[in-house]
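Okay, so here's the structure we're looking at.
Hydrogens, waters and symmetry mates play no part in the numbers below; they use all other heavy atoms, side chains included. The chains referred to below are lettered A, B, ... by the order of the sequence lines, with proteins before strands, and numbering in each begins at 1.
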Amino acid sequence: MAGGLSLYAEGTSLLHRAHPLTKGVVTLSAVALAFIAPSIGWVAALGIILLVLVALAGVLRRLLAVALAILLPITLLLLAVQGFANPNNRTVVFALGPIVYYREGLAIAALAAVRIACLVGATFLFSFTTRPADLSEALMQRGLSPRMGYVLQSALQIIPQTLDMAGRIQDAQRARGLETEGSLPRRARAYLPLMLPLVLSSLVATQERAMALEVRGFGLRVKRISRYEFVDSAAQRILRWVMALAVPGAIAARIAGWR
Amino acid sequence: MSELALVFDGVSYAYEEAPREAVSDISLSISSGEWIGVTGPTNAGKSTLCLLAMGLAPHFFGGRLKGSVLAFGRDSRTVPVIERSSEVGLLFQNPFTQISGARERVDDEVAFGPECHGLSRPEVDMRVEEAMRQVGITHLASRHPLDLSGGQLQRLALAALLAMQPKLLLLDEPTSQLDPAGTAAIFEVLAGLHARGVTIVMVEHRLETLCELCPRIVAMVAGRVLADGPPDDVFNHAAVQDRVGLPVFTRLARDADLPGPWPVRLADSTAAFESPIA
């Protein structure tokens with residue numbers, strides 16, 4: 001099976017080379033701004049900036065494939081429901097038999113869809129250009145304890161590891177004649193003989209891994225030096241601050257009447 | 001006289017809530033630079049011997065320990081396992097649980113231990129490169145550990161251990177998942193380490209391999225040492241023959257009614273079989 005939960009796509013673009021914290025701050029701020037900005041024009045502008053960054057990172061095709069699968073059904077559902085049933089609906093746009101669609105509802109649906117598109121775009125832009133291990137490593141270099149760093153890194157590996165173990169158990173049980181495919185009742189019957197060894201072996205593996213970590217010196221009170229050095233620059237630091245401050249700034253602007 | 005790497009002095013150990021001792025009255029002295037093979041049937045106490053030498057028993061498992069286990073003169077009761085990890089390394093039977101579970105690249109996985117020990121970046125890089133080269137996984141450096149086969153994972157676990165550069169290596173069936181070529185390659189690595197003065201204690205079921213590689217064998221049964229000495233002595237011991245088994249050459253010589261002591265290695269058995277014919 002493919003290792004890891006990472007969506008990272010190898011590349012050498014500016015975004016790939018940027019400091020993981022810069023990408024993290026930009027992502028979080030972009031998502032926050034998308035939901036704070038009051039009108040579809042502002043949110044769409046943010047979306048276009050994200051789209052340009054995605055294209056610069058060379059992952060546009062990957063993003064479009066994922067975005068279509070996620071965003072298309074959500075957008076259609078939002079338009080269908082809000083355009084028809086939003087309580088603020090006043091201005092009729094068109095009617096499909098007895099179902100009448102209104103401008104207000106469609107506008108609200110469009111704003112929500114563009115916001116979700118920004119959320120998806122920013123998140124995948126980060127995921128496609130940043131190894132999860134790099135983010136936790138960068139955080140450890142900024143003072144996160146190695147124990148917390150390990151928790152963060154291992155949490156990202158738990159699902160693929162469990163799937164890997166489940167696959168091995170399933171193969172072993174199949175070799176003994178257990179039928180794991182076919183009708184729903186048959187698959188349900190196969191569930192227990194798969195789950196019990198999975199849970200037990202996970203517990204054993206956890207104990208053994210805890211031992212193995214001790215044997216490798218995990219937890220020693222020494223200054224840990226990372227093998228990786230992430231390039232940072234004044235421009236990136238300024239960008240991080242600008243993006244981080246833009247969020248409270250936008251909130252303040254909204255309170256002050258930004259429409 | 002060379003320094004003692006590992007000393008078991010009247011050691012008995014029972015796991016917590018276990019009705020009986022896993023090992024009983026073990027006394028062994030292992031000098032620096034020795035290569036010891038440990039063998040015996042299931043539940044002989046071989047793995048427990050490794051856990052005691054590493055200090056995981058009793059530090060990790062609790063339980064009742066009598067006697068003392070000294071690694072390089074330091075009692076296991078007083079030295080935490082993480083401190084001992086700078087000079088003693090243990091390779092577990094299951095390589096899947098030996099990996100950290102946090103790294104996404106093979107070379108990063110190998111670097112995990114040296115990084116935990118606070119070594120400098122160039123030192124870590126040098127050790128990672130050397131360890132991967134030794135076990136033949138340099139070409140897998142950028143792969144995800146979970147993408148490796150069982151044999152590759154076992155090599156990775158060994159590389160991760162070698163990168164710590166321990167003075168004493170405890171290996172619990174280090175080649176159980178390797179094919180014959182991979183096994184031969186790993187034993188070649190171990191022979192190189194042994195030649196450089198690393199002390200090796202290796203649990204292994206392949207008796208022929210043990211006889212070829214290890215100048216000293218410890219045969220264990222039911223938690224006790226049944227025999228301890230050169231392979232020729234150990235496998236010509238009647239109780240070992242009955243309860244542990246025999247290398248194939250020894251068994252052939254016995255079945256052919258050759259006069260004892262029976263050979264335990266291929267080279268010796270050739271001579272032994274030629275003599276009566278001549």
Side-chain angles (χ1 to χ4, degrees), chain A residues 1-8 10 130-137 140-141 146-165 167-168 201-229, chain B residues 50-51 54-57 59-61 80-86 88-125 128 142-148 150 157 160-161 163-164 166 170:
Chain A
M1 64 163 277
L5 198 59
S6 171
L7 295 171
Y8 179 76
E10 290 288 346
T130 315
R131 285 193 182 90
D134 287 352
L135 178 66
S136 51
E137 194 62 58
M140 280 193 277
Q141 288 179 15
R147 279 182 188 277
M148 281 308 295
Y150 177 81
V151 169
L152 194 62
Q153 287 177 336
S154 57
L156 294 164
Q157 306 293 324
I158 280 175
I159 292 172
Q161 282 182 23
T162 309
L163 288 174
D164 188 59
M165 197 185 286
R168 287 169 204 230
S201 52
S202 297
L203 291 173
V204 172
T206 304
Q207 188 197 38
E208 286 185 7
R209 181 152 293 152
M211 280 195 288
L213 288 175
E214 278 204 48
V215 168
R216 296 174 75 180
F218 182 69
L220 267 174
R221 291 184 184 278
V222 293
K223 184 170 164 43
R224 182 181 164 281
I225 294 163
S226 169
R227 288 175 75 213
Y228 295 104
E229 198 169 4
Chain B
C50 292
L51 295 174
M54 189 69 228
L56 285 164
H59 280 294
F60 191 87
F61 289 98
V81 175
I82 49 172
E83 272 184 35
R84 187 167 273 202
S85 64
S86 61
V88 184
L90 169 61
L91 187 74
F92 294 88
Q93 277 182 30
N94 182 358
F96 178 71
T97 52
Q98 180 105 20
I99 60 171
S100 69
R103 297 296 172 95
E104 294 174 15
R105 287 171 56 103
V106 163
D107 54 355
D108 285 345
E109 182 60 44
V110 177
F112 184 86
E115 280 180 9
C116 287
H117 281 262
L119 300 177
S120 69
R121 192 176 297 154
E123 175 74 13
V124 173
D125 285 343
V128 168
S142 62
R143 294 266 296 274
H144 194 290
L146 285 183
D147 286 341
L148 304 185
L161 189 61
M164 311 271 287
L170 306 162

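The candidate from B/Leu161, B/Leu91, B/Leu119 with the greatest count of non-hydrogen atom pairs under 4.5 Å with chain A is B/Leu119. Of the residues considered (B/Gly113, B/Pro114, B/Ala157), B/Gly113 shows the highest number of contacts with chain A, using heavy-atom pairs under 4.5 Å. Ranked by heavy-atom pairs under 4.5 Å with chain A, the list B/Met164, B/His59, B/Glu83 is led by B/Met164. Between chain A and the options B/Leu90, B/Asp108, B/Val124, B/Val88, the largest number of non-hydrogen pairs under 4.5 Å is found for B/Asp108. With respect to chain A, the highest number of heavy-atom pairs below 4.5 Å among B/Arg84, B/Glu109, B/Arg105, B/Arg143 belongs to B/Glu109. In terms of heavy-atom pairs under 4.5 angstrom with chain A, the leader among B/Asp107, B/Val128, B/Leu148 is B/Asp107.
To the nearest 0.5 angstrom, A/Phe218 atom CZ is 11.5 Å from B/Glu115 atom CD. Atom-to-atom distance recorded for B/Leu51:CG and B/Leu170:CG is 9.0 Å, nearest 0.5 angstrom.
Of the two parts of B/Phe112, the backbone and the side chain both hold a non-hydrogen atom closer than 4.5 Å to a non-hydrogen atom of chain A. Using a 4.5 Å cut-off between heavy atoms, A/Ser136 does not touch chain B at all.
Judged by a 6.0 Å distance limit and a 45° cone about the ring axis, A/Arg209 is positioned over the six-membered ring of B/Phe96.
The pair A/Glu10-A/Arg131 meets the salt-bridge criterion, with a side-chain N (NZ, NE, NH1 or NH2) lying under 4.0 Å from an Asp/Glu carboxylate O.
Side-chain contact between B/His117 and A/Val222 is absent, with no heavy atoms from C-beta onward closer than 4.5 Å. For the pair B/Phe60 and A/Glu214, the minimum side-chain heavy-atom distance is below 4.5 Å.
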